[in-house]
Amino acid sequence: MTRTAQQIADIERGAYILSEAEGGKPAGIIIATGSEVGLAMEAQKLLAAKGKHVRVVSMPSTNAFDAQDAAYKEKVLPKAVTARVAVEAGCQRWLVQIRRH
């Protein structure tokens, strides 16, 4: 997937919106990193075909994301969107991102 200049700049912030939900109002958020991003993108397509529009967030660094200001965290992981899933092999730190932000 080709990333925009803004997405590339936001990598250092630890997380960024890789693919927005159709209409810009996600029913849920899939958080992924590394090789799992492809799975998240495929899941987004499958869900969209069923009328469920979700956002895909790439989160290469939970630590860097945790250090961001509240406004940026809210932009990426809005508190109003509580349906979230993290796709990551072998890391329990994701529970924090699903529950807290």
Side-chain angles (χ1 to χ4, degrees):
M1 171 172 208
T2 303
R3 286 165 177 78
T4 67
Q6 186 59 57
Q7 288 172 325
I8 292 168
D10 287 342
I11 289 172
E12 69 182 35
R13 300 187 86 173
Y16 60 95
I17 300 166
L18 179 61
S19 181
E20 185 57 273
E22 186 176 315
K25 295 185 180 184
I29 301 172
I30 302 173
I31 307 166
T33 188
S35 62
E36 289 81 9
V37 168
L39 294 171
M41 295 297 292
E42 184 62 28
Q44 182 188 44
K45 289 177 191 174
L46 293 170
L47 288 166
K50 295 183 178 198
K52 305 289 183 186
H53 302 290
V54 299
R55 170 184 289 178
V56 175
V57 169
S58 177
M59 188 175 288
S61 174
T62 57
N63 290 334
F65 184 69
D66 286 343
Q68 300 308 307
D69 60 74
Y72 185 75
K73 290 187 220 177
E74 179 65 17
K75 174 185 163 190
V76 176
L77 298 177
K79 290 178 183 173
V81 183
T82 58
R84 300 177 182 188
V85 64
V87 183
E88 172 63 30
C91 179
Q92 293 184 12
R93 173 104 171 99
W94 290 98
L95 292 175
V96 173
Q97 303 306 329
I98 293 171
R99 292 180 184 156
R100 180 174 45 183
H101 298 296

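As a basis for the values below, the full set of heavy atoms in this structure was taken, side chains included, without hydrogen atoms, waters or symmetry mates. Along the sequence shown, residues carry numbers from 1.
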K.L.:
Which distance, rounded to the nearest 0.5 Å, do you find between the CD of Glu12 and the CG of Asp10?
P.N.:
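It comes to 8.0 Å.
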K.L.:
If the condition is side chain to side chain donor-acceptor pair (under 3.5 Å), which residues does Glu36 pass it with, not counting sequence neighbours?
P.N.:
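Per chain and number, Glu36 pairs via side chain to side chain donor-acceptor pair (under 3.5 Å) with no residue.
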K.L.:
Heavy-atom distance under 4.5 Å between the side chains of Tyr72 and Tyr16, does that happen here?
P.N.:
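A side-chain contact exists here, since the closest heavy-atom pair is under 4.5 Å.
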K.L.:
Salt-bridged, Asp69 to Lys75, with N to O below 4.0 Å?
P.N.:
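Salt bridge absent between Asp69 and Lys75.
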K.L.:
Kindly indicate, with the supporting measurements, whether the criterion side chain to side chain contact (heavy atoms under 4.5 Å, CB included) is fulfilled by Val76 and Arg13.
P.N.:
CA-CA 11 Å; Val76 176; Arg13 300 187 86 173; over 6 Å; no
K.L.:
What residues, two or more places apart in sequence or in another chain, satisfy salt bridge (charged side-chain N to carboxylate O under 4.0 Å, His left out) together with Glu20?
P.N.:
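Arg55.
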K.L.:
State, to 0.1 Å, how close Ala64 and Gly14 come at their nearest heavy-atom pair, and which atoms those are.
P.N.:
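Residues Ala64 and Gly14, closest heavy atoms: CB-CA, 3.7 Å.
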K.L.:
I need the Ser58 OG to Arg3 CZ distance, nearest 0.5 Å.
P.N.:
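Ser58 OG to Arg3 CZ: 5.5 Å, rounded to 0.5 Å.
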K.L.:
Which pair of heavy atoms, one from Ala21 and one from Pro26, lies closest together, and at what distance?
P.N.:
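Result for this residue pair: CB-CA, 3.6 Å.
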K.L.:
Do side-chain atoms of Gln68 reach the backbone of Lys73 as a donor and acceptor pair under 3.5 angstrom?
P.N.:
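Not a single qualifying donor-acceptor pair exists.
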K.L.:
Looking at Val37, Ile29, Thr33, which hits side-chain contact (heavy atoms from CB on, under 4.5 Å) with Val57?
P.N.:
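Testing each of Val37, Ile29, Thr33 against Val57, the sole residue satisfying side-chain contact (heavy atoms from CB on, under 4.5 Å) is Ile29.
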K.L.:
What is the minimum heavy-atom distance between Gln7 and Thr2, and which atoms define it?
P.N.:
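So the two residues come closest at OE1-O, 4.3 Å.
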K.L.:
Any heavy-atom pair between the side chains of Ile30 and Leu47 that's under 4.5 Å?
P.N.:
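A side-chain contact under 4.5 Å exists here.
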K.L.:
Glu22: which residues meet the side chain to side chain contact (heavy atoms under 4.5 Å, CB included) condition with it, sequence neighbours left out?
P.N.:
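Partners of Glu22 under the side chain to side chain contact (heavy atoms under 4.5 Å, CB included) test: His53.
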K.L.:
Heavy atoms, side chains only, cut-off 4.5 Å: are Val54 and Val85 in contact?
P.N.:
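Val54 does not reach Val85 side chain to side chain.
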K.L.:
Starting at CD1 of Ile11, measure out to CD of Gln6 and round the result to the nearest 0.5 Å.
P.N.:
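One gets 11.0 Å once the value is rounded to the nearest 0.5 Å.
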